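Okay, structure first, notes after.
Fair warning: this is a prediction, and the values are worked out from it, not measured in the lab.
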Amino acid sequence: MPRFAREKKEALEEMTKDAIFKAAFAILMEGGWHELTMERLAKKTGIAKGTVYNYFTSKSEVIRFIILRTSAPMRKKILGLDFEKGHPRELLARVMEILMKDLFENRLGVSAVAKALGEESRMLPGKDDVFREIRERILHTLERGIREGVFKKCDPVVAEEGLHSLFIGMGQRISSGHLVGLDEALPGFLMETVLDGLAPAGRKEAAE
C-alpha cells in the first residue's frame, strides 16, 4: 500500500476510534455498563455495528480502551520517572502526587470508568493489567526503599496493595461526588501519612 494511502487509512481509523471513544464515554456517564451495548454504541457514533466490531470485539475491550486513553497522560508521567536511580521516598511521593492529581482533575473519566467497573467488575478480568506497570514500579520502589533503609521493614506486597486500595477508594469517592474541594488538602495529608508511616522509627520526614 502506498504511503499516502496508508497514512490516510490510519488517520481515518484514528478518527473512528476517537468517535467511538466519545460515544462510549457519554453512554457510560449517562447510564453505566448496562446501557453500553454495541448496538447503542454504533448508533450514537453514527457508524455500522459491524464497523464497531472491526475495532472492538466486546464492550469489555471498549472499557479497556477508555481506561487506556483517559489514563495515558498520567501513565506517561509515572513511567517516565527514573525508578532505578531516584530516591525511593521522593519517587513514591511523586507517584502519589501524580496519581491523586489525575484522580481529581480527570473526575469525569474516573466517574465513567467507576460506573462500569462497579457494576460489572467480574466481566472485566483484565482491567488491572492497564495499571500493572505502575503497580510494579511502586512495588519495586518499596522493595528498594526497604532494602536501603529508607522505609521501615515491612512486607512490600502488603504495602503496595494498601496503596492500590487507597487509590481505588479515592476513585470511588470522587466518582460518587465526594471529596469536592479537597483536591489540595487531601493529597498532602495522605502523602504525609503514608510516607511517615513507612519511615523507620525516629526518622519521620516531611512529605516531598
Side-chain angles (χ1 to χ4, degrees), residues 64 66-118 121 124-208:
R64 187 177 188 280
I66 290 176
I67 296 174
L68 281 170
R69 178 162 288 199
T70 56
S71 66
M74 174 269 290
R75 287 184 291 109
K76 183 178 180 179
K77 288 178 183 177
I78 291 178
L79 297 179
L81 298 174
D82 189 345
F83 285 90
E84 293 303 322
K85 296 181 180 179
H87 189 281
R89 182 183 173 91
E90 294 174 359
L91 277 171
L92 188 57
R94 182 59 179 146
V95 170
M96 291 184 68
E97 179 186 24
I98 294 171
L99 280 168
M100 289 189 284
K101 183 177 181 181
D102 183 73
L103 285 174
F104 278 106
E105 293 185 349
N106 190 24
R107 184 183 299 272
L108 290 179
V110 170
S111 181
V113 172
K115 275 179 175 287
L117 301 187
S121 59
L124 298 166
K127 62 183 183 299
D128 273 347
D129 69 346
V130 175
F131 302 107
R132 182 171 297 139
E133 283 186 284
I134 292 177
R135 297 192 65 179
E136 289 174 348
R137 299 295 199 286
I138 292 175
L139 179 60
H140 174 71
T141 300
L142 289 166
E143 290 173 336
R144 188 159 70 86
I146 293 170
R147 192 167 57 248
E148 296 175 4
V150 176
F151 299 140
K152 67 182 180 183
K153 292 188 180 299
C154 63
D155 186 335
V157 174
V158 172
E160 189 282 324
E161 187 62 50
L163 287 171
H164 182 63
S165 299
L166 170 64
F167 298 129
I168 293 297
M170 280 188 67
Q172 291 174 341
R173 293 281 289 171
I174 289 173
S175 69
S176 59
H178 297 87
L179 308 186
V180 176
L182 298 178
D183 52 313
E184 292 186 7
L186 187 59
F189 171 78
L190 292 176
M191 285 171 57
E192 182 178 357
T193 300
V194 169
L195 295 174
D196 281 353
L198 285 169
R203 287 184 53 189
K204 307 299 182 185
E205 304 173 26
E208 298 293 334

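Using a cut-off of 4.0 Å between Lys/Arg side-chain N and Asp/Glu carboxylate O, R137 and E84 are scored as not salt-bridged. At a threshold of 4.0 Å, the pair R75-E133 does not count as salt-bridged, since none of the basic side-chain nitrogens sits closer than that to a carboxylate oxygen.
With sequence neighbours excluded, no residue satisfies salt bridge (Lys or Arg N to Asp or Glu O under 4.0 Å) with R147.
Between E90 atom CD and D82 atom CG the span is 12.0 Å, to the nearest 0.5 Å. Between the CE atom in M100 and the CG atom in L190 there is a gap of 5.5 Å [rounded to 0.5 Å]. Between F167 atom CZ and I174 atom CD1 the span is 11.0 Å, to the nearest 0.5 Å. Summarising the geometry, atom CG belonging to L186 is positioned 9.0 Å from atom OG1 belonging to T193; distances are rounded to the nearest 0.5 Å. Put simply, CD on E97 and CG on D102 are 12.0 Å apart, with the number rounded to the nearest 0.5 Å. Summarising the geometry, atom CG belonging to L182 is positioned 9.5 Å from atom CZ belonging to R173; distances are rounded to the nearest 0.5 Å.
The side-chain heavy atoms of L163 and L92, taken from C-beta on, include a pair separated by under 4.5 Å. Contact check for L91 versus R144: side-chain heavy atoms found under the 4.5 Å cut-off. Within the 4.5 Å cutoff, the side chain of L99 has no heavy atoms near those of the M170 side chain. In this structure the side chain of L179 reaches within 4.5 angstrom of the side chain of F104, judged on heavy atoms. Here the side chains of F131 and M74 are in contact, with some heavy-atom distance below 4.5 Å. For the pair I78 and I138, the minimum side-chain heavy-atom distance is 4.5 Å or more. Residues V157 and E161 have side chains not in contact (no heavy-atom distance under 4.5 Å, counting atoms from C-beta outward). Between L139 and E143, some side-chain heavy-atom pair lies under the 4.5 Å cut-off.
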Worked verdict on R89 versus D196 for salt bridge (charged side-chain N to carboxylate O under 4.0 Å, His left out): CA-CA 10 Å; R89 182 183 173 91; D196 281 353; 3.6 Å; yes

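Nearest heavy-atom pair, C154 versus I146, reported as atom, atom and distance to 0.1 Å: O-CD1, 3.4 Å. When all heavy atoms of G171 and L103 are compared, the pair lying nearest together is CA-CD2, 4.1 Å.
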